Amino acid sequence: MKSNFYLKSILGALLLTLLNMLYQSIFTDVAFQGPEGLSYTLLSHFLVVCVLGIYVLHSTLKGIRLALSVIVIYYIIGNFNLLIEAYIFNVTDRSKTLEEMLQGLFVALFFAPTFVYLLTAWKGQTHHMKFNGRSIFGWSWRIVFGIFLYLLFYLTAGMILQTTYPGLMDFYKDKIPPIDVMILTQFPRGLIFVTVAILMLRTSTLSLMKKAILIGLTYAILGAIAPLIPPNELMPANIRLVHGFEVGISNFLYGILLSYLLGQKMAKPIAANTVLEP
């Protein structure tokens, strides 16, 4: 089962790469990467596909609903939320940000249903999950706290990186936005993380501990590490490397804590066909 999963993940990584190349060849004038750049891109996409694949194989959804869920996770965490941050820090301008968002959406729309079908998960499994109830107030304070928790992780990670790697400011010296813009932008970004966590928590058959690890990995890999692996003209290698450690670690820890904050106990056991873990 494991070898089959990794083989399909390799195919999924190739599919992601080809879709990105197809979009660039049709809609942009971006030159194709050389062998080294292509190898980094394939590694990045392989990590993304592995994380999404684990979610797909343990999802209670099927068919178009499962594909839409994958689109939301992949696009919102791995593209949209990242580009908001890049834009406010003047790493990308408005035109480049829009171009990258459109490319990400194009890729997600074609990749998700194909990948779900590739993993033979289109017809899904039979699952009956019922969670213990939670009041509106119970949800409200958890969501608000989850958003502020993201701001805390964001600021803490940024300050630690700035202190331990002074060279960071050589790159950002003329890019840092006003402090109020930087902080206020993190509230909608935090809400996005909270929303995706709720989606994954309520549509996965994994235990809460495994869900927490999966969500942490999703935020760390899709939302930090994978996009920073391939070389690009927007950010030098040393900045991509330190950001990969900074955001990867903080997003992973945040995802785990957020999962326990938002997670619900099962009201009754799962009645389902056995799903083997990759």
Side-chain angles (χ1 to χ4, degrees), residues 20 28 30-31 33-34 36-37 39-41 43-45 47-48 75-101 103-104 145-194 196 215-258:
N20 277 284
T28 74
V30 176
Q33 304 175 74
E36 182 179 1
S39 64
Y40 283 118
T41 297
L43 173 60
S44 169
H45 288 162
L47 294 176
V48 168
Y75 180 68
I76 296 298
I77 299 300
N79 186 274
F80 182 81
N81 222 19
L82 281 172
L83 288 170
I84 293 175
E85 181 77 352
Y87 177 68
I88 69 164
F89 272 87
N90 298 303
V91 175
T92 58
D93 58 21
R94 184 176 301 178
S95 175
K96 183 65 174 178
T97 302
L98 180 59
E99 177 186 309
E100 294 284 342
M101 285 185 175
Q103 178 173 333
F145 184 70
I147 294 171
F148 277 93
L149 188 64
Y150 174 70
L151 179 62
L152 176 64
F153 270 87
Y154 175 87
L155 294 175
T156 302
M159 288 187 290
I160 291 174
L161 180 60
Q162 186 175 344
T163 302
T164 57
Y165 190 75
L168 183 74
M169 298 313 296
D170 293 337
F171 176 73
Y172 282 110
K173 58 185 176 183
D174 58 347
K175 298 179 182 294
I176 297 179
I179 187 67
D180 58 333
V181 173
M182 181 172 64
I183 290 178
L184 288 175
T185 304
Q186 306 319 312
F187 290 109
R189 294 185 76 234
L191 179 59
I192 287 173
F193 280 120
V194 168
V196 171
I215 291 171
L217 287 174
T218 300
Y219 291 175
I221 292 176
L222 273 68
I225 297 171
L228 293 170
I229 291 176
N232 63 73
E233 74 282 2
L234 300 174
M235 188 175 287
N238 62 317
I239 302 300
R240 288 188 286 108
L241 179 63
V242 296
H243 268 317
F245 281 101
E246 172 219 359
V247 187
I249 293 172
S250 64
N251 276 9
F252 178 71
L253 296 176
Y254 171 67
I256 289 179
L257 289 179
L258 184 64

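What you are looking at is a predicted structure, and each value in this text was computed from that prediction instead of being measured. These values consider heavy atoms only, across backbone and side chains, with no hydrogens, waters or symmetry-generated copies.
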To the nearest 0.5 angstrom, please state how far the [atom1] atom of [X] sits from the [atom2] atom of [Y].
X: Ile88; Y: Gln186; atom1: CD1; atom2: CD; answer: 5.5 Å
X: Met182; Y: Glu85; atom1: CE; atom2: CD; answer: 8.5 Å
X: Ile239; Y: Glu246; atom1: CD1; atom2: CD; answer: 10.5 Å
X: Met169; Y: Asp174; atom1: CE; atom2: CG; answer: 9.5 Å
X: Ile221; Y: Asn251; atom1: CD1; atom2: CG; answer: 11.0 Å
X: Arg189; Y: Ile77; atom1: CZ; atom2: CD1; answer: 9.0 Å

Quick check: are there more than 12 heavy atoms from other residues, nucleotides or ligands sitting under 6.0 Å from [atom1] of [X]?
X: Phe187; atom1: CZ; result: yes
X: Phe171; atom1: CZ; result: yes
X: Phe80; atom1: CZ; result: no
X: Phe148; atom1: CZ; result: no
X: Phe89; atom1: CZ; result: yes

Quick one: does any side-chain atom of Tyr219 pair with a main-chain N or O of Ala224 as donor and acceptor, under 3.5 Å?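 No; judged by distance alone, with no hydrogens or angles, the pair does not exist.
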Could you check whether any side-chain N or O of Ser250 sits under 3.5 Å from a backbone N or O of Val247, counting only pairs where one atom can act as donor and the other as acceptor?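 Yes, the answer is positive, given that a donor and an acceptor are paired below the 3.5 Å cut-off.
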Side chains of [X] and [Y]: closer than 4.5 Å at any heavy-atom pair?
X: Asn81; Y: Phe193; result: yes
X: His45; Y: Asn20; result: yes
X: Tyr165; Y: Ile160; result: no
X: Leu228; Y: Phe245; result: no
X: Lys96; Y: Val91; result: no
X: Pro231; Y: Arg240; result: yes
X: Leu151; Y: Ile147; result: no
X: Ile215; Y: Leu258; result: no

Verify whether one side chain among Asn79 and Glu100 offers a donor that lies under 3.5 Å from an acceptor in the other.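 No, Glu100 and Asn79 have no side-chain donor paired with an acceptor closer than 3.5 Å.
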Set of residues satisfying side chain to side chain contact (heavy atoms under 4.5 Å, CB included) with respect to Tyr87, sequence neighbours excluded: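 Here the qualifying residues are Thr92, Arg94, Thr97.
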Please find the pair of heavy atoms, one from [X] and one from [Y], that lie closest to each other, and give the distance.
X: Gly223; Y: Leu82; result: O-CD2, 3.1 Å
X: Gly248; Y: Ala220; result: O-CB, 3.3 Å
X: Asn232; Y: Leu234; result: OD1-N, 2.8 Å
X: Ala226; Y: Ser44; result: O-OG, 2.6 Å

